[in-house]
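Here's the structure, in C-alpha cells; my notes come after.
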Amino acid sequence: MTRVFDEDLHARIATQAIHAGQRPDPTTGAIMPPIYQTSTYVQDALGVHKGYEYARGKNPTREALERNVATLEGGRHGFAFSSGMGCIDSLMKLFKAGDHIVCGENVYGGTFRLFDKILRHFGLTFSFVDTRDPQRIEDACTAQTAGILIETPTNPLMRLTDLRATAEIAKRRQLLLIVDNTFATPVFQRPLEIGAHIVFHSSTKYLNGHSDMIGGIAVVLEDALADRIQFIANAAGAVPGPFDAWLCLRGTKTLPLRMRQHDANGRRVAEWLAARVGEAQVFYPGLASHPQHALAKTQMGGFGGMVSVEMGTKERAALILGRARTFSFAESLGGVESLISHPASMTHASVESARRAELGITEGLIRLSCGVEDVDDLLADLEQMFHGV
Ligand SMILES: Cc1ncc(COP(=O)(O)O)c(C=O)c1O
C-alpha cells in the first residue's frame, strides 16, 4: 500500500486540534472551556449585553467547538447541530421548493431516507446517481439544480467521488457543493480546499471519537453562506446542548492522533481480509486492488479505519458477526473501540431491499470500524471469527 499517511498535513493540524478556538477561561484560567449549561444570559440594560442573549442562538461551549472544527477543516465558520441528520436537514433549508439536488446514490441510509421520505414532500427533488463517474453528476443536472451532495468515501461500500471534478462542475454551473466528510475527517481529506462550499460531519463518529454523544457540524468559508446557516440554525433550532459540544471538543483534541491509529489498523485489517477472502471482496480505498485507489491517493492523505467485506451470504455474515469479541456488534463507527455491523439490516435498513441489491449492499456485506486497539488483538479476533467460514 502506498502513501498511507500525509505527515505534512498531520503536522499542520495536530496543534490546531488541541488549541484552535479555545483559550483559558478568563475568570478562572480553566484550560478547558467551561460547559456553559445555561439557556439564557442576563443582560446589562436594554440592548446592552455581552454578545449572548439566548442559548439556541449562541453558547460559548458550542462556539469553542465550532471554531475548533472550522479551523481543522480549513474553513472560517462552523455550525454545530444536535445530530448529523439535524445538520443535513438544516443545510437542506438553504434550498427552496422546486430546487433539484444531485445526490450520491450510495450515501448513508438516513440521508437517503430524509430526502426520499420527508424532504420530497416539501417540494425539493433529488436525483440519486453513481457519483464515481462525474459525468453522471453533470448529466443529472437540470435547469432547477441548485446543489450537489456527496459522501466520499461512501458508507458502506467505500466508493469515491472525484472532489476536484465535482467542484469544477459545481463552479461552472454555480451549484452549492456539499460534502459529507464523516469517514475521512479533515485529517485525511480537505473538501473546502478543493472547492466545496460546505463540508459537514456526523460528529457522533470520528470527531467525537468516544461513542458518547450524538452530533453534527457544518463548516463553510464564505461569510454570506455562514450568515444564512446561522440564521437557519437559530430559527430551526437543531442545536446541541453544551455538554455534548464539550464532549466533542474533548474528542477533536486527539483527532489527528486517533486517525493515525485508525488508519494503521484499517490498513492491516484490510490486508488481512484481502488475504483471507480475496481482494475483490474487500472494500478499502487503501488497497491497490480498490478500483479507485489512484484517485484515493490524489485526494486523501490516509485511508482511515472503515473496511467492508463481502461474505457472500447472510448466513456466513451472521456466523462471523455472532463470534465478535474484541470487535463489538453495533451500529455507528469512528469510536476508539472497534465495531462490526451488518449494513443491510442496520445502517441501510431504510433503503428498499431491491435498491440495496442494485447498489451492492448485499445481505452478505459486513462493515468494520477499526478502532485504536492493538492491531494484533483485532487480527486475533478476526482469526477466530473467520475460523472455518
Ligand atoms: C456518513 C454519515 N453521515 C451522516 C450520518 C448521520 O449522523 P447522525 O447519526 O449523527 O445523525 C451518519 C450516521 O451514521 C453517517 O455515517
Side-chain angles (χ1 to χ4, degrees), residues 65 69 73 78-92 101 103-119 128 131 148-161 163 178-189 191 196 198-219 233 236 238-241 244-245 247-248 251-252 259 262 266 283 285 300 303-308 328 330-335 339-351 359 361 365 367-370:
L65 170 67
V69 177
E73 282 288 2
F79 301 94
F81 293 91
S82 53
S83 68
M85 292 319 305
C87 175
I88 302 173
D89 187 54
S90 293
L91 293 177
M92 288 297 122
I101 291 121
C103 179
E105 64 175 1
N106 182 213
V107 289
Y108 168 62
T111 306
F112 174 78
R113 178 175 57 191
L114 173 70
F115 293 175
D116 188 53
K117 298 280 188 295
I118 299 180
L119 297 182
F128 297 97
T131 56
I148 303 172
L149 186 142
I150 55 171
E151 197 179 299
T152 180
T154 59
N155 178 4
L157 291 167
M158 308 305 292
R159 292 177 179 162
L160 268 52
T161 300
L163 284 170
I178 306 176
V179 179
D180 185 336
N181 207 23
T182 299
F183 270 36
T185 83
V187 180
F188 293 141
Q189 188 165 270
I198 305 177
V199 55
F200 74 90
H201 290 258
S202 164
S203 53
T204 315
K205 311 294 172 1
Y206 286 110
L207 294 190
N208 164 270
H210 295 76
S211 311
D212 53 14
M213 51 74 77
I214 294 278
I217 193 156
V219 176
V239 295
D244 283 352
L247 284 171
C248 191
T252 57
M259 291 314 289
H262 285 297
F283 307 101
M300 299 181 76
F303 308 115
M306 298 304 299
V307 187
S308 293
S328 297
E331 297 224 11
S332 203
L333 62 109
L339 302 180
I340 189 164
S341 69
H342 184 244
S345 62
M346 298 167 90
T347 50
H348 287 68
S350 53
V351 180
L359 293 173
I361 305 172
L365 189 74
R367 191 190 75 182
L368 297 104
S369 170
C370 301

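Counting starts at 1 for both ligands and their atoms, in listed order. Because the structure is a prediction, the values reported are computed rather than measured.
Contact between Gly215 and ligand 1 is present, with at least one heavy atom of the residue lying under 4.0 Å from the ligand.
No N or O atom of Leu333 sits closer than 3.5 Å to an N or O atom of ligand 1. In terms of polar-atom proximity, Glu151 is not counted as a contact of ligand 1, lacking any N or O under 3.5 Å from an N or O of the ligand. Considering backbone and side-chain N/O of Ser202, one or more are found under 3.5 Å from N/O of ligand 1. Taking only nitrogen or oxygen atoms, main chain and side chain alike, Gly84 reaches within less than 3.5 Å of ligand 1.
With hydrogens and angles ignored, the 3.5 Å screen pairs a side-chain donor or acceptor of Ser203 with a backbone N or O of Gly215. Of the possible donor and acceptor atoms, none in the side chain of Ser202 sits under 3.5 Å from a partner among the backbone N and O of Thr182.
Counting heavy atoms from C-beta on, the side chains of Leu247 and His210 never come closer than 4.5 Å. Ile361 is listed as a side-chain neighbour of Asn106, based on a closest heavy-atom distance under 4.5 Å.
Distance check: Thr111 OG1 to Asp180 CG gives 6.0 Å after rounding to the nearest 0.5 Å.
Contacts of Lys205 with ligand 1, taken as heavy-atom pairs under 4.0 Å, involve the side chain alone.
The side chain to side chain contact (heavy atoms under 4.5 Å, CB included) test with Tyr206 is passed by exactly one of Leu333, Thr252, Asn181: Leu333.
The protein heavy atom nearest to atom 15 (C) of ligand 1 is Tyr108 CG, 3.7 Å.
Taking each of Asn208, Asn155, Asp180 in turn, the one with a heavy atom nearest to atom 2 (C) of ligand 1 proves to be Asp180.
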